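Reading through the structure tokens given below for one structure.
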Amino acid sequence: QVRLVESGGGLVQAGGSLRLSCAASGRTFSNYAMGWFRQAPGKEREFVTAISWSGGSTYYADSVKGRFTISRDNAKNRVYLQMNSLKPEDTAVYYCAAGRSWELNASSRTPDEYDYWGQGTQVTVSS
């Protein structure tokens, strides 16, 4: 079992930045690839970014590429999401998730690839 707790969400103006953090406890954190997803009201949960167990591989959704950066610190059992140049369309609840494998694969962009989820943190970007 892996417990995930997100933090760092809030209200920010368009063009601003936020840094989300996800703290993991339970099983060995470095055994898991990690992902961030988001869900806006009335929309399905969508992939944002993912990182392999070592941090050596990352995937990004086209909508956030160049603006968001995922990173992890296995010694601290944490994964981070640095979000810059935020847009109103980035408004959503952001979730971190622990994947079923160490490395990223073709399914890493889908929620089904992840077994453990945090409770989410709200990010609101005002125009």
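Basis for what follows: all heavy atoms, side chains included, without hydrogens, waters or symmetry-related copies. We're numbering straight along the sequence, starting at 1. As the structure is a prediction and not an experimental result, all values here were calculated from the model.
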query = Do the side-chain N and O atoms of Glu103 and Asn105 include a donor-acceptor pair separated by under 3.5 angstrom?
reply = no
key: The single option from Val12, Leu11, Leu18 passing side-chain contact (heavy atoms from CB on, under 4.5 Å) against Val125   = Val12
request  = Evaluate side-chain contact (heavy atoms from CB on, under 4.5 Å) for Tyr32 paired with Tyr116, printing each intermediate quantity in order.
outcome  = CA-CA 10 Å; Tyr32 300 91; Tyr116 303 103; 4.2 Å; yes
query = What is the minimum heavy-atom distance between Cys22 and Met34, and which atoms define it?
reply = SG-CE, 4.5 Å
ask   = Which value, rounded to the nearest 0.5 Å, describes the distance between Gln13 atom CD and Ser127 atom OG?
value = 9.5 Å
inquiry  = As a quick check of understanding, evaluate side-chain contact (heavy atoms from CB on, under 4.5 Å) for Lys76 and Phe29, giving each step before the final call.
reply    = CA-CA 9 Å; Lys76 295 183 177 179; Phe29 176 69; over 6 Å; no
remark   = Those residues at least two apart in sequence (or on a different chain) that pass salt bridge (charged side-chain N to carboxylate O under 4.0 Å, His left out) with Arg3 are none
task = Could you pull out all residues at least two apart from Lys65 that satisfy side chain to side chain donor-acceptor pair (under 3.5 Å)?
result = Asp62
note = CZ (Arg19) and CE (Met83) are apart, to the nearest 0.5 Å, by 11.5 Å
request  = Provide the closest heavy-atom pair for Asn74 versus Asn77 in the form atom of the first, atom of the second, distance.
outcome  = O-OD1, 3.1 Å
note = Between the CD1 atom in Ile51 and the SG atom in Cys96, the distance rounded to the nearest 0.5 Å is 12.5 Å
ask   = Given Thr58 and Tyr60, is the side-chain contact (heavy atoms from CB on, under 4.5 Å) satisfied, shown in steps?
value = CA-CA 7 Å; Thr58 56; Tyr60 291 93; 3.6 Å; yes
Nearest-0.5 Å distance that lies between atom CZ in Arg72 and atom CZ in Arg78 = 13.5 Å
inquiry  = My understanding is that only residues two or more places apart in sequence, or in another chain, count here; which of them pass salt bridge (charged side-chain N to carboxylate O under 4.0 Å, His left out) with Arg67?
reply    = Asp90
message = Distance alone, cut at 3.5 Å: any donor-acceptor contact between the side chains of Thr91 and Glu89?
response = no
inquiry  = If I compare all heavy atoms of Ala14 with all of Pro88, which pair ends up nearest, and what's the gap?
reply    = CB-CD, 4.1 Å
task = Could you list who else is in Trp53's hydrophobic cluster, with ILVMFWY side chains joined at under 4.5 Å, directly or through other members?
result = Trp102
remark   = Contacts of Tyr94 meeting side chain to side chain donor-acceptor pair (under 3.5 Å) (sequence neighbours excluded), chain-then-number -> Arg38
ask   = Can you tell me how far CG of Leu86 sits from OG of Ser17, rounded to the nearest 0.5 angstrom?
value = 6.0 Å
inquiry  = Taking the basic N atoms (NZ, or NE/NH1/NH2) and the acidic carboxylate oxygens, is any pair closer than 4.0 Å for Arg100 and Asp115?
reply    = yes
query = Going from OH on Tyr80 to OG on Ser21, what distance comes out if it is rounded to the nearest 0.5 angstrom?
reply = 5.0 Å
key: Side-chain donor or acceptor of Glu6 paired with backbone N/O of Gln119 under 3.5 Å   = yes
ask   = Who else is in the cluster with Val93 when I, L, V, M, F, W and Y are joined by side-chain contacts under 4.5 Å?
value = Phe37, Phe47, Tyr59, Tyr95, Leu104, Tyr114, Trp117
